[in-house]
There are 2 protein chains.
Amino acid sequence: MNIGQAAKASGVSAKMIRYYESIGLIPAAGRTASGYRVYGQTEVQILRFIRRARDLGFSVEKIEELLALWRDRSRHSADVKHIATTQIAELQDRIAGMQAMVDTLRHLADACCGDDRPDCPILADLEQGTGVTKH
Amino acid sequence: MNIGQAAKASGVSAKMIRYYESIGLIPAAGRTASGYRVYGQTEVQILRFIRRARDLGFSVEKIEELLALWRDRSRHSADVKHIATTQIAELQDRIAGMQAMVDTLRHLADACCGDDRPDCPILADLEQGTGVTKH
DNA sequence: GATAGGCCTTCCCATCATGGGAAGGTCAAG
DNA sequence: CTTGACCTTCCCATGATGGGAAGGCCTATC
């Protein structure tokens, strides 16, 4: 299988497959005599694993750990769970930060009449930069 | 006022002030004879505006629009409100995406006993890459 | 007036994961 | 043998930010 076919089969772009190889996330693929990378089902499965982990928001660094645990048949599921719960916590932190932005923006937008007059509490808030949101 | 003082007064780092100038988000600051950038209250206020907008998650591109509206005394508040509501929608999209990740991860983590045995539904999910989450 | 150290300047590099594109080689079908 | 679709490597760009080097400036202290 060439890289393009592996890309289609795994959902990881050819560009990213080469990138993952270059940073050592995946082992260097085999090559044909003319230098084309060759992939089999095993490699595609690894790529799908990576793809799925990316979809769950894991960084490449975390994926490296997950792959190591995946390969380690004597792993402790506690280690995997720990990575997952850490990831959950990080995501929730970011969600909370963004939700706070949404709340503030919603508050300001609700206070803005949104017509052709120039008066705008949104700009007023940005202008004074106090961040007062008075929920 | 030198750039360091403007940085402290505005909450925007000196690095970022220079960057914002380089990309044209703010006009080039005045200079002393020896080349130091000089800032006054007006500039600090603009920087605070930018800082606050960044805190609300606006991209530099959006901030450019907001600054233009801010400077335009004949603006329509509807235009400002539109930018804000678009921003709210974008944030909510991203929140929804991350929340979906959290939900999936929570589901998987809950199913993982998290002890010293190797069996782990989290890895199993990544392995098959189906993304089946069965809520 | 000299010296120290704290500020300023520009310039380059790094992040993180991803894509774009150029220049050139390979392969398969017609 | 040509054509077009693929592959290779290499370089550049993203967005917003920080780090750091090399060198100049300013102020306070001696």
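Chain identifiers are assigned alphabetically (A, B, ...) following the order of the sequence lines, protein sequences preceding nucleic acid strands; residue numbering begins at 1 within each chain. Keep in mind that this is a model prediction, so the values were computed, not measured.
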Asks: Between atom CD in A/E64 and atom C1' in C/dC16, what is the gap in whole Å?
Replies: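 So the two atoms are 14 Å apart, to the nearest Å.
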Asks: Taking only heavy atoms on the protein side, list every residue of residues 85-93 of chain B lying under 4.0 Å from any atom of DNA chain D, sorted numerically.
Replies: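 Heavy-atom contacts with DNA chain D come from no residue of residues 85-93 of chain B; none.
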Asks: Between side-chain atoms of residues 23-34 of chain B and protein atoms elsewhere (two or more places apart, or another chain), which donor-acceptor pairs fall under 3.5 Å?
Replies:
unit_1	atom_1	unit_2	atom_2	d
B/R31	NH1	B/G35	O	2.9
B/T32	OG1	B/S34	N	3.3
B/T32	OG1	B/S34	OG	3.1
B/T32	OG1	B/G35	N	3.4
B/T32	OG1	B/Y36	N	3.1

Asks: Whether A/Y20 contacts C/dT18 is assessed here as follows: a side-chain N or O lying under 4.0 Å from the phosphate OP1 or OP2. Is that the case?
Replies: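 It does, given that an N or O in the side chain of A/Y20 lies less than 4.0 Å from OP1 or OP2 of C/dT18.
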Asks: Could you check whether any side-chain N or O of A/R75 sits under 3.5 Å from a backbone N or O of B/P118, counting only pairs where one atom can act as donor and the other as acceptor?
Replies: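 Between the backbone of B/P118 and the side chain of A/R75 there is a qualifying donor-acceptor contact (under 3.5 Å).
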Asks: Look up atom OG1 in B/T104 and atom CD1 in B/I122, then write down how far apart they are to the nearest 0.5 Å.
Replies: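 Between B/T104 OG1 and B/I122 CD1, I get 12.0 Å after rounding to 0.5 Å.
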Asks: Do A/R117 and A/D115 meet the salt-bridge criterion of a basic N to acidic O distance under 4.0 Å?
Replies: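 A/R117 and A/D115: salt-bridged.
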Asks: Is the side chain of A/Q92 donor-acceptor paired with the backbone N or O of B/V102 at a distance under 3.5 Å, no angle test?
Replies: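 No; judged by distance alone, with no hydrogens or angles, the pair does not exist.
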Asks: Rounded to whole Å, how long is the line connecting atom CD of A/E21 with atom C1' of C/dA17?
Replies: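 Spelled out: CD on A/E21 to C1' on C/dA17 is 17 Å.
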Asks: Could you run down nucleotides 3-10 of chain C 5' to 3' and tag each one B, S or - for protein heavy-atom contact under 4.0 Å?
Replies: ----BSBB
Asks: Rounded to whole Å, how long is the line connecting atom CG of A/L25 with atom P of C/dC16?
Replies: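 Roughly 14 Å, once rounded to whole Å.
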Asks: Do B/W70 and A/L126 come close enough that some side-chain heavy atom pair is under 4.5 Å?
Replies: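 They are not in contact (no side-chain heavy atoms under 4.5 Å apart), so the answer is no.
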Asks: Nearest whole angstrom, please: distance from the P of C/dA17 to the CD1 of A/I17.
Replies: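 Taking CD1 of A/I17 and P of C/dA17, I get 17 Å after rounding.
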Asks: Could you state the CG-C1' distance from A/L56 to C/dA17, rounded to the nearest angstrom?
Replies: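 Going from A/L56 (CG) to C/dA17 (C1'), I get 16 Å.
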Asks: Judged by each residue's nearest nucleotide on DNA chain C, which is more toward the 5′ side, A/T32 or A/M16?
Replies: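 Whichever sits nearer the 5' end wins; that is A/M16.
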Asks: Flag the pair A/D55 and A/R51 as a salt bridge only when some basic side-chain nitrogen lies within less than 4.0 angstrom of an acidic carboxylate oxygen.
Replies: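 Yes, this pair counts.
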Asks: So what does A/S59 hit on the nucleic acid, given a heavy-atom distance under 4.0 Å: a base, only sugar-phosphate, or nothing?
Replies: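 Touches sugar-phosphate only.
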Asks: Between D/dA16 atom P and B/R51 atom CZ, what is the distance in whole Å?
Replies: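 Between P of D/dA16 and CZ of B/R51: 15 Å.
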Asks: Just to confirm, is there a sub-4.0 Å distance from OP1 or OP2 of D/dT17 to any side-chain nitrogen or oxygen of B/S13?
Replies: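 So the side chain of B/S13 is outside the cut-off, no N or O lying under 4.0 Å from OP1 or OP2 of D/dT17.
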Asks: I'd like to know if A/K62 and A/E90 make a salt bridge, using a cut-off of under 4.0 Å between side-chain N and carboxylate O.
Replies: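 A salt bridge is present here (some side-chain N lies under 4.0 Å from a carboxylate O).
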Asks: To the nearest angstrom, how far is B/K62 atom NZ from D/dA16 atom P?
Replies: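 Value for this atom pair: 11 Å.
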Asks: Expressed in angstrom and rounded to an integer, what is the separation of A/E61 atom CD from C/dA17 atom C1'?
Replies: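 Distance check: A/E61 CD to C/dA17 C1' gives 13 Å.
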Asks: Pick base, sugar-phosphate or nothing for B/F58, based on heavy-atom distances below 4.0 Å to the nucleic acid.
Replies: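 Counting heavy atoms under 4.0 Å across all strands, no contact is made by B/F58.
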Asks: Quick check for you: to the nearest 0.5 Å, what is the distance between A/S13 atom OG and A/K8 atom NZ?
Replies: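 NZ of A/K8 is found 13.0 Å from OG of A/S13.
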